[in-house]
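Okay, structure first, notes after.
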Amino acid sequence: MKLELWRNATLVLNIDGLSILVDPMLGKKGSRGKMPMTESELLNPLVELPFSREELHEKLKRIDAVAVTHLHPDHWDEDAVELLDKNIPIICSDVIADHIAEQGFTNIITVHDRLQWNNIQISTTRGRHGTGEIGEKMGIVNGFVFKKDNKTVYIAGDTIWYDEIALEIDQHQPQHIIVAGGAATFDVGDPIIMTSEDIIKVCTYAPESTVWVTHLEAVSHCREDRKYTRKQILENGLEKKCLILDDGEEVELHF
């Protein structure tokens, strides 16, 4: 398997030659505007994709399916709706399937719990996109587990650390865990995705897994950047098992 980070939570997981695009935010730098519920004047996304628009079109031709964890615009934006082939398989939970169908997509694969797709077992997982009133406003989110033979990758999605994440790790026993870091926070409330402290909890709970950190330096409500997150990882002696991906970086997943 291979993993390539494009930007934010947008990544490609390649499993035995099949490429699955996860949470596509494909707009140009600044195309989504200011982040609501913040005082930041910065325009999102903060950075361009790590390749040209021409290269983007070529890369999309090589995508076999798209997996969407939820519909927030830094995971599923207007450019994704416009640029993706309306016949491409869209893997998602039943919570968002109707909305995606209304956008013209005709090949929606709804995952209630788990299913087989091209000999890949795909399961949905639970998440908590913040706490209290903010968490309620963020709505329902999920992650995915992709398993082929005995090789398992868990994409946690936009979630903080809480007891259910531990239960998902116990159930699926992933060798690789992909988490959304950055401690995204609005002007009120607690972080809505993982802080560095949360990421360290994941590493501690799953000592046999390699943890990959995404969702950094691309949207304006994230409070922790790569430098800060890397410092926390180093201070906890986790640099060999907790790795931060750069935009455009592709890695081989070892099992």
Side-chain angles (χ1 to χ4, degrees), residues 1 3 9 11 13 22-23 67-70 72 75 91-95 111-115 120-185 189-216 222-224 228-230 232-245 253-255:
M1 295 187 190
L3 176 67
L11 54 88
L13 181 63
V22 180
D23 284 351
V68 184
T69 63
H70 64 299
H72 291 168
H75 294 253
I91 301 164
C92 65
S93 73
D94 53 359
V95 175
V111 187
H112 297 283
D113 181 23
R114 70 180 60 183
L115 55 75
I120 300 168
Q121 180 179 292
I122 303 173
S123 304
T124 54
T125 62
R126 292 154 291 192
R128 181 178 291 172
H129 205 353
T131 60
E133 184 179 350
I134 291 295
E136 291 292 328
K137 287 184 177 180
M138 291 297 99
I140 297 172
V141 297
N142 68 270
F144 289 105
V145 171
F146 297 93
K147 183 174 183 179
K148 178 68 183 294
D149 301 325
N150 292 317
K151 302 174 181 179
T152 305
V153 177
Y154 169 30
I155 300 176
D158 273 13
T159 183
I160 58 174
W161 170 265
Y162 73 121
D163 290 346
E164 293 288 351
I165 303 302
L167 293 177
E168 298 289 2
I169 294 171
D170 289 344
Q171 177 181 348
H172 298 286
Q173 295 292 305
Q175 293 100 335
H176 294 273
I177 303 172
I178 302 166
V179 300
T185 311
D190 296 323
I192 59 172
I193 55 177
M194 289 195 187
T195 63
S196 294
E197 184 179 350
D198 284 341
I199 294 168
I200 290 164
K201 289 178 180 177
V202 175
C203 295
T204 302
Y205 192 83
E208 301 303 317
S209 303
T210 300
V211 177
W212 302 89
V213 185
T214 66
H215 214 297
L216 299 174
C222 282
R223 307 294 175 87
E224 298 179 359
Y228 178 86
T229 306
R230 188 171 287 111
Q232 304 309 306
I233 292 169
L234 286 169
E235 287 181 355
N236 284 273
L238 296 168
E239 63 274 12
K240 291 184 179 180
K241 68 156 295 165
C242 186
L243 305 168
I244 297 173
L245 289 166
L253 299 182
H254 298 289
F255 295 87

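- A side chain to side chain contact (heavy atoms under 4.5 Å, CB included) with Met194 is found for one member of Val179, Asp158, Ile200, Val213 and no other, namely Val179.
- When the side chain to side chain contact (heavy atoms under 4.5 Å, CB included) test is applied to Leu115, the partners found at least two apart in sequence or on another chain are Ile109, Val111, Trp117, Ile122.
- In this structure, the side-chain hydrogen bond (donor to acceptor under 3.5 Å, both in side chains) partners of Asp23, at least two apart in sequence or on a different chain, are Thr69, His75.
- Here side chain to side chain donor-acceptor pair (under 3.5 Å) pairs that include residues 203-213, with residues two or more places apart or in two chains, are Asp170-Tyr205, His176-Trp212.
- With sequence neighbours left out, His172 forms a ring pair (Phe, Tyr, Trp, His ring centres under 6.0 Å) with no residue at all.
- Screening residues 126-138 for salt bridge (charged side-chain N to carboxylate O under 4.0 Å, His left out), with sequence neighbours left out, gives Arg126-Glu164, Arg126-Glu168, Glu133-Lys137.
- Applying the side chain to side chain contact (heavy atoms under 4.5 Å, CB included) rule to Gln175 yields the partners Thr152, Phe255; only residues at least two apart in sequence or on another chain are considered.
- Listed for the Thr195 side chain is no donor-acceptor partner under 3.5 Å among the backbone atoms of Gly182.
- Residue pairs meeting the salt bridge (charged side-chain N to carboxylate O under 4.0 Å, His left out) criterion with at least one partner in residues 172-181, sequence neighbours excluded, are absent.
- Qualifying ring pair (Phe, Tyr, Trp, His ring centres under 6.0 Å) partners for Tyr154, counting only residues two or more places apart in sequence or in other chains: none.
- Distance check: Ile193 CD1 to Thr214 OG1 gives 8.0 Å after rounding to the nearest 0.5 Å.
- Taking the side chain to side chain contact (heavy atoms under 4.5 Å, CB included) definition, one finds that Asp190 meets it with Thr131, sequence neighbours left out.
- Here the closest non-hydrogen pair linking Cys203 and Val211 is SG-CG2, 3.8 Å.
- Looking at every heavy atom in both residues, Ala206 comes nearest to Lys241 through O-NZ, 2.6 Å.
- Between the CD1 atom of Ile233 and the CD1 atom of Ile244 there is a distance of 4.0 Å, given to the nearest 0.5 Å.
- Side-chain contact between Leu3 and Leu245 is present, with heavy atoms from C-beta onward closer than 4.5 Å.
- Taking the side chain to side chain contact (heavy atoms under 4.5 Å, CB included) definition, one finds that Thr185 meets it with Pro191, Arg223, sequence neighbours left out.
- The minimum heavy-atom distance linking Gly181 with Cys222 is given by the pair O-SG, 4.4 Å.
- Here CG of Leu243 is found 11.5 Å from CD1 of Ile178. Values are rounded to the nearest 0.5 Å.
- Applying the salt bridge (charged side-chain N to carboxylate O under 4.0 Å, His left out) definition to pairs two or more places apart or across chains, those involving residues 140-156 are Asp16-Lys148.
- Contact between Phe144 and Cys92 at its shortest, heavy atoms only, is CZ-CA, 4.1 Å.
- Summarising the geometry, atom OG belonging to Ser93 is positioned 7.5 Å from atom CD1 belonging to Ile140; distances are rounded to the nearest 0.5 Å.
- Taking both residues in full, the closest heavy atoms of Thr125 and Ile155 are given as OG1-O, 4.3 Å, listed atom of the first, atom of the second, then distance.
- Annotation: the span from Glu239 atom CD to Arg230 atom CZ amounts to 11.5 Å, rounded to 0.5 Å.
- Partners of His129 under the ring pair (Phe, Tyr, Trp, His ring centres under 6.0 Å) rule, at least two apart in sequence or in another chain, are His70, His72.
- A donor-acceptor pair is defined here as one N or O able to donate and one able to accept, closer than 3.5 Å; no such pair exists between the side chain of Thr159 and the backbone of Gly127.
- Separating the CD1 atom in Ile165 from the CG atom in Asp198 is a distance of 9.5 Å, to the nearest 0.5 Å.
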